[in-house]
Amino acid sequence: MKRIGILLSGRGSNFLAIAKAIAEGKLRGAEIAVVISNRAAAPGLAAARELGLTAVAIEANGRKRAEHDAEIIATLQQHEVDLVCLAGYMRLISAKFVAEFRNRILNIHPSLLPSFPGLDAQRQALEGGVKVSGCTVHFVDEELDHGCIILQRVVPVLDADDEHTLAERILEQEHTAYTDAIARVLSGEYEFRGQRYVLRG
Ligand code: GAR
């Protein structure tokens, strides 16, 4: 069994989509070992508890990143996590964290990276005037919203869009993209070629 650790800060809809996929047998051989949030009040954490999952709040409040991350790393290790999935985790993670779980941390971001990393990606896309946007699932390295890309989904940007309608269209894609990316990574049938993640064979 591959054990997934989820990190989230808010609503948790991507986490719930992964949990649903597992419940429906779409991610065979995977289970969620622990859900961790840097915000005790995150709705995603309450949702995890309702599903009977282990849900842990590790508040950041004023602590140094290294110290906060050390507690998260220890919690992930204690739950014998194989793969860490950032699912709306709105906090930079330290180089130490990346090194501890090298090539075992994934993130989802609501833009076609490397365009529009950081906060308010959908607003950045509208302000940039692009005609397509989407979402990206990628391995996490030391830079923000950066690392080898596993897959991307494209959606049109419509003339009538505002941040919310665009975010909603992207989110619908996020909910299947993350599960597909996890399945690919857990299959192990890939290799890295420089910055590229490519399927083997
Ligand atoms: C998602 O749109 C995710 O792509 C984004 O936060 C939202 C979380 O929603 N993540 C980032 O912007 C990371 N830089 P959720 O809590 O409902 O999954």
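Atoms within a ligand are numbered from 1 in the order they appear, just like the ligands themselves.
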**OP:** Give yes or no for whether the N/O distance cutoff of 3.5 Å, strictly under, is met between Arg11 and ligand 1.
**Re:** yes
Subject >> Working for salt bridge (Lys or Arg N to Asp or Glu O under 4.0 Å), residues Arg153 and Asp180 >> reply: CA-CA 11 Å; Arg153 294 274 169 78; Asp180 289 355; 2.5 Å; yes
**OP:** Using a strict cut-off of 4.0 Å, indicate which atoms of ligand 1 neighbour a heavy atom of Gly88.
**Re:** 6 (O), 8 (C)
Original post:
What protein heavy atom sits nearest atom 13 (C) of ligand 1, and how far away is it?
Top reply: His109 ND1, 3.6 Å
Subject >> Geometric N/O contact Asn14 with ligand 1, under 3.5 angstrom >> reply: yes
Original post:
Are any of the side-chain nitrogens in Glu189 or Arg184 under 4.0 Å away from the carboxylate oxygens of its partner?
Top reply: no
**OP:** Using a strict cut-off of less than 4.0 Å between a Lys/Arg side-chain nitrogen and an Asp/Glu carboxylate oxygen, indicate whether Arg102 and Asp141 qualify as a salt bridge.
**Re:** no
**OP:** Look at the side chain of Ser9 and the backbone N and O of Met90, then say whether any donor-acceptor pair between them is shorter than 3.5 Å.
**Re:** yes
Subject >> Distance-only N or O hit between ligand 1 and Met90, under 3.5 Å >> reply: no
Original post:
Would you call the rings of Phe139 and Phe192 parallel, tilted or perpendicular if under 30° counts as parallel and over 60° as perpendicular?
Top reply: perpendicular
Original post:
Does even one non-hydrogen atom of Leu8 get within less than 4.0 Å of ligand 1?
Top reply: no
Original post:
Relative to atom 10 (N) of ligand 1, which among Leu16, Leu119, Ile108 owns the nearest non-hydrogen atom?
Top reply: Ile108
**OP:** Starting from atom 15 (P) of ligand 1, find the nearest protein heavy-atom neighbour and note its residue, name and distance.
**Re:** Ser13 N, 3.4 Å
Original post:
Are any of the side-chain nitrogens in Lys2 or Glu31 under 4.0 Å away from the carboxylate oxygens of its partner?
Top reply: no
Original post:
Considering only heavy atoms, which of Gly118, Pro43, Pro110 lies nearest to atom 5 (C) of ligand 1?
Top reply: Pro110
Subject >> Atoms of ligand 1, numbered as shown, that sit under 4.0 Å from any heavy atom of Gly12 >> reply: 15 (P), 16 (O), 17 (O), 18 (O)
Subject >> Which segment of Leu144 sits under 4.0 Å of ligand 1 when only heavy atoms are counted >> reply: neither
Original post:
Are Ser13 and His175 close enough that a side-chain donor and a side-chain acceptor fall under 3.5 Å?
Top reply: yes
Original post:
What is the closest protein heavy atom to atom 4 (O) of ligand 1, and at what distance does it sit?
Top reply: Glu174 OE1, 2.7 Å
**OP:** Dump the intermediate steps for salt bridge (Lys or Arg N to Asp or Glu O under 4.0 Å) on Glu191 and Arg193, then the final yes or no.
**Re:** CA-CA 7 Å; Glu191 59 194 37; Arg193 264 184 230 155; 3.6 Å; yes
